[in-house]
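Residue numbers begin at 1 in each chain, while the letters A, B, ... track the order of the sequences. Heavy-atom basis, side chains included; hydrogens, waters and symmetry copies ignored. Predicted, not measured: the structure shown is a model, and the values here were computed from it.
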Amino acid sequence: MLIQSQSHTLRPLTTAHLAQTMTLLGLTVIELRQKIEGELASNPALELVESRRCPTCHRPLPGNSPCPLCSRPQRLSPDQPIVFLSPREDFHPYHHDISSEELPDDNFAPEIEDLPHYVLHQVAVELQPEDRPLAAHILTSLDEDGLLSVPLSEISIYHHVPLQRVEKVLRMIQHAEPVGVGSPTPQDALLVQLEVLSESRSIPPLAIQAIKQGMSLLSRHRYEELGNILGISSLQAKEISQFIINNLNPFPARTHWGEVHQKASSPLDTYHFPDLIISRLTNDEDSPLVVEIAMPLFGVLRVNPLFREALRQAPADKSDQWRSDLEKAELFVKCIQQRNNTIVRLAHRLAVLQRDFILEGDAYLMPITRARLSKELGVHESTISRAVSDKAVQLPNGKIVPMAMFFDRSLRIRTALKQIINQATTTLSDSDIAELLAKQGYPVARRTVAKYRAMEGILPAHLRQHFLPN
DNA sequence: CTATGGCACGGATT
DNA sequence: AATCCGTGCCATAG
């Protein structure tokens with residue numbers, strides 16, 4: 001049998017090994033955690049050793065390696081990302097301490113008043129004095145997403161006023177910034193935002209229906225079924241969905257206040273826990289990237305040495321069972337290592353290739369294919385596919401995006417297209433846009449422009465109207 | 001007649 | 001082998 005040939009690439013030795021590694025590769029952190037917990041529970045030969053922590057930064061360390069950040073020599077090259085496994089005990093997105101200092105917009109008001117006051121000041125002018133307590137009640141009952149957490153009827157009863165009056169006040173609040181705040185459900189928030197948006201620009205006609213009838217399908221990206229309900233094709237459904245994602249936000253408090261045209265980071269997706277967390281080591285322009293690969297458990301998995309020992313004196317009737325447990329455990333540990341190894345190398349390569357995209361944004365995305373990467377890393381194409389699909393990455397700016405975005409061939413062109421339309425003084429037809437794109441080095445067919453436009457939720461030229469921002 | 005959406009085909013990707 | 005994506009052609013709306 002062939003022994004590993006390449007430098008530090010762990011090679012699968014058996015088909016079972018291969019199969020299991022493949023399966024593991026395809027799993028998200030959260031899925032992997034369940035898988036590992038299952039194995040741990042069913043196989044006594046496996047054990048979980050708790051992670052050590054770095055004495056300096058208190059970060060949990062994978063295995064016996066020194067802390068990849070603190071024990072790093074001073075030789076820092078921007079081209080060399082620091083990639084490491086990061087055992088986690090929590091499953092909330094988190095920011096590296098250093099990068100969290102960097103805030104995206106500078107014109108942010110230094111004295112930030114809290115959301116309830118911010119909204120109250122806006123509605124105060126048109127609010128009847130006697131309705132003030134109602135507004136206050138509503139605004140103090142918001143959850144952290146800006147949604148109303150108590151039923152309206154409760155407020156109505158509490159203040160001994162008719163329900164319509166409460167509704168009237170709520171309507172006022174919902175129309176304040178951030179638009180939709182105070183809505184009882186994400187659905188209501190979207191509807192209000194849509195209504196407000198429709199005053200300044202045209203909107204897809206079926207968007208309202210989509211939100212009203214297909215909310216659950218919408219949030220699960222079930223375009224085909226959504227299309228069926230609305231009596232349109234799944235492509236159209238997708239377009240509408242895209243429009244909603246791009247222009248509306250189901251959780252009003254989660255965006256920054258002020259801007260009307262939110263580029264919300266696809267809010268319907270953000271609850272995913274990222275598998276990769278990318279930040280920058282320092283705020284310098286040439287700082288290396290730090291890539292943490294989320295490990296699902298706070299510890300390191302290994303074969304229990306005591307179990308190995310015990311096997312020697314195993315009672316005859318248990319011997320076979322134990323032996324098989326041990327083998328399974330060894331295989332499992334090896335597969336996990338293999339998975340980690342592949343992901344580390346993949347992440348490293350991606351961080352090198354897509355550095356500009358990670359730091360500067362969509363316009364700098366390199367067009368790369370999974371096939372190319374698989375050659376560079378010396379693995380099968382399907383390996384890359386598995387490793388990428390369904391995974392989420394948190395970028396230094398805090399946005400969580402699907403890992404597949406690193407391989408999106410059209411994203412670059414789509415952002416160029418958006419820029420063209422935003423900067424255009426006249427209303428451009430699709431063919432006009434196609435020409436302009438070609439001049440920028442993106443030769444695309446007119447028909448393709450239409451599709452990209454639709455993907456971005458931008459309406460056709462004759463329905464488009466231009467408004468100056470604010 | 002022009003601009004755009006639907007459908008389907010072929011090649012690339014997974 | 002199945003799926004996705006860009007594109008051409010045609011129908012339709014304005």
Side-chain angles (χ1 to χ4, degrees), chain A residues 18-19 21-28 201-207 209-210 221-228 230-243 275 339 342-343 346 349-350 353-354 362 365-393 402-418 420-421 424 426-438 440-466:
Chain A
L18 185 69
T21 309
M22 278 295 154
T23 319
L24 291 178
L25 254 184
L27 299 181
T28 332
R201 60 179 281 196
S202 31
I203 56 174
L206 282 172
Q209 294 295 318
H221 303 263
R222 311 295 309 167
Y223 303 124
E224 318 77 28
E225 298 166 45
L226 183 61
N228 290 339
L230 299 176
I232 55 177
S233 73
S234 74
L235 180 64
Q236 283 176 310
K238 191 170 179 179
E239 287 169 14
I240 290 178
S241 168
Q242 198 63 46
F243 177 88
D275 299 88
R339 173 192 191 270
T342 307
I343 295 187
L346 173 64
R349 195 76 193 112
L350 278 181
L353 287 173
Q354 301 289 26
D362 295 352
L365 185 76
M366 277 253 150
I368 57 177
T369 68
R370 295 161 170 81
R372 170 181 163 192
L373 222 57
S374 74
K375 275 187 190 143
E376 289 182 4
L377 296 183
V379 296
H380 196 276
E381 296 173 7
S382 69
T383 311
I384 305 285
S385 280
R386 296 275 192 158
V388 168
S389 64
D390 293 333
K391 302 285 192 323
V393 181
M403 194 169 170
M405 186 180 280
F406 284 78
F407 299 91
D408 190 322
R409 282 168 300 166
S410 63
L411 185 64
R412 241 188 127 125
I413 311 185
R414 293 209 306 274
T415 55
L417 178 142
K418 271 195 282 188
I420 288 178
I421 292 184
T426 60
T427 314
L428 300 169
S429 76
D430 284 351
S431 349
D432 297 336
I433 299 172
E435 275 185 38
L436 289 172
L437 280 175
Q440 292 190 22
Y442 306 117
V444 283
R446 182 240 95 206
R447 190 65 189 79
T448 311
V449 172
K451 296 247 166 163
Y452 286 171
R453 192 171 45 66
M455 286 171 85
E456 296 299 333
I458 302 171
L459 293 170
H462 61 278
L463 291 178
R464 234 181 288 141
Q465 294 166 36
H466 289 277

Quickly work out the [X] [atom1] to [N] [atom2] distance and round it to whole Å.
{"X": "A:Asp430", "N": "C:dG8", "atom1": "CG", "atom2": "C1'", "value": "15 Å"}
{"X": "A:Met405", "N": "C:dC5", "atom1": "CE", "atom2": "P", "value": "13 Å"}
{"X": "A:Phe407", "N": "B:dT13", "atom1": "CZ", "atom2": "C1'", "value": "12 Å"}
{"X": "A:Leu373", "N": "B:dT13", "atom1": "CG", "atom2": "C1'", "value": "14 Å"}
{"X": "A:Arg372", "N": "B:dT13", "atom1": "CZ", "atom2": "P", "value": "12 Å"}
{"X": "A:Ile458", "N": "B:dA3", "atom1": "CD1", "atom2": "P", "value": "18 Å"}
{"X": "A:Lys375", "N": "B:dA12", "atom1": "NZ", "atom2": "P", "value": "13 Å"}
{"X": "A:Leu428", "N": "B:dT4", "atom1": "CG", "atom2": "P", "value": "10 Å"}

Worksheet item: A:Arg453 side chain to A:Ile458 main-chain N or O, any donor-acceptor pair under 3.5 Å?
Response: yes
Practice prompt. Just call it for A:Ser410: base, sugar-phosphate, or nothing, with non-hydrogen atoms closer than 4.0 Å on any strand.
Written response: sugar-phosphate
Practice prompt. Give A:Ser385 one of three labels, base, sugar-phosphate or nothing, depending on what nucleic acid heavy atoms sit under 4.0 Å from its own.
Written response: sugar-phosphate
Practice prompt. Find the distance between OG1 (A:Thr342) and CZ (A:Arg386) and round it off to the nearest 0.5 Å.
Written response: 13.0 Å
Discussion item. Could you measure the distance from the CG atom of A:Leu27 to the OG atom of A:Ser389? Nearest 0.5 Å is fine.
Written reply: 9.5 Å
Worksheet item: Between A:Leu350 and A:Phe407, does a side chain to side chain contact (heavy atoms under 4.5 Å, CB included) hold up when you go through it step by step?
Response: CA-CA 10 Å; A:Leu350 278 181; A:Phe407 299 91; 4.0 Å; yes
Discussion item. My understanding is that only residues two or more places apart in sequence, or in another chain, count here; which of them pass ring-ring contact (aromatic ring centres under 6.0 Å, His included) with A:Phe406?
Written reply: A:Phe357
Discussion item. Whether A:Thr448 contacts C:dT7 is assessed here as follows: a side-chain N or O lying under 4.0 Å from the phosphate OP1 or OP2. Is that the case?
Written reply: yes
Fill in: Among C:dT7, B:dG5, C:dG6, the nucleotide that comes nearest once only the side chain of A:Ala445 is considered
C:dT7
Worksheet item: Nearest to the side chain of A:Tyr452 - C:dG6, C:dC5, B:dT4?
Response: C:dG6
Worksheet item: Does A:Arg414 come within less than 4.0 Å of A:Asp408, counting only side-chain N to carboxylate O?
Response: yes
Sub-3.5 Å pairs of nitrogen or oxygen atoms, protein against nucleotides 6-8 of chain B:
residue, atom, partner, partner atom, Å
B:dG6, OP1, A:Gln236, OE1, 3.4
B:dG6, OP1, A:Gln236, NE2, 2.5
B:dG6, N7, A:Arg447, NH2, 2.8
B:dG6, O6, A:Arg447, NE, 2.6

Worksheet item: For the side chain to side chain donor-acceptor pair (under 3.5 Å) test, which of A:Thr426, A:Asp432, A:Thr427 pairs with A:Ser429?
Response: A:Asp432
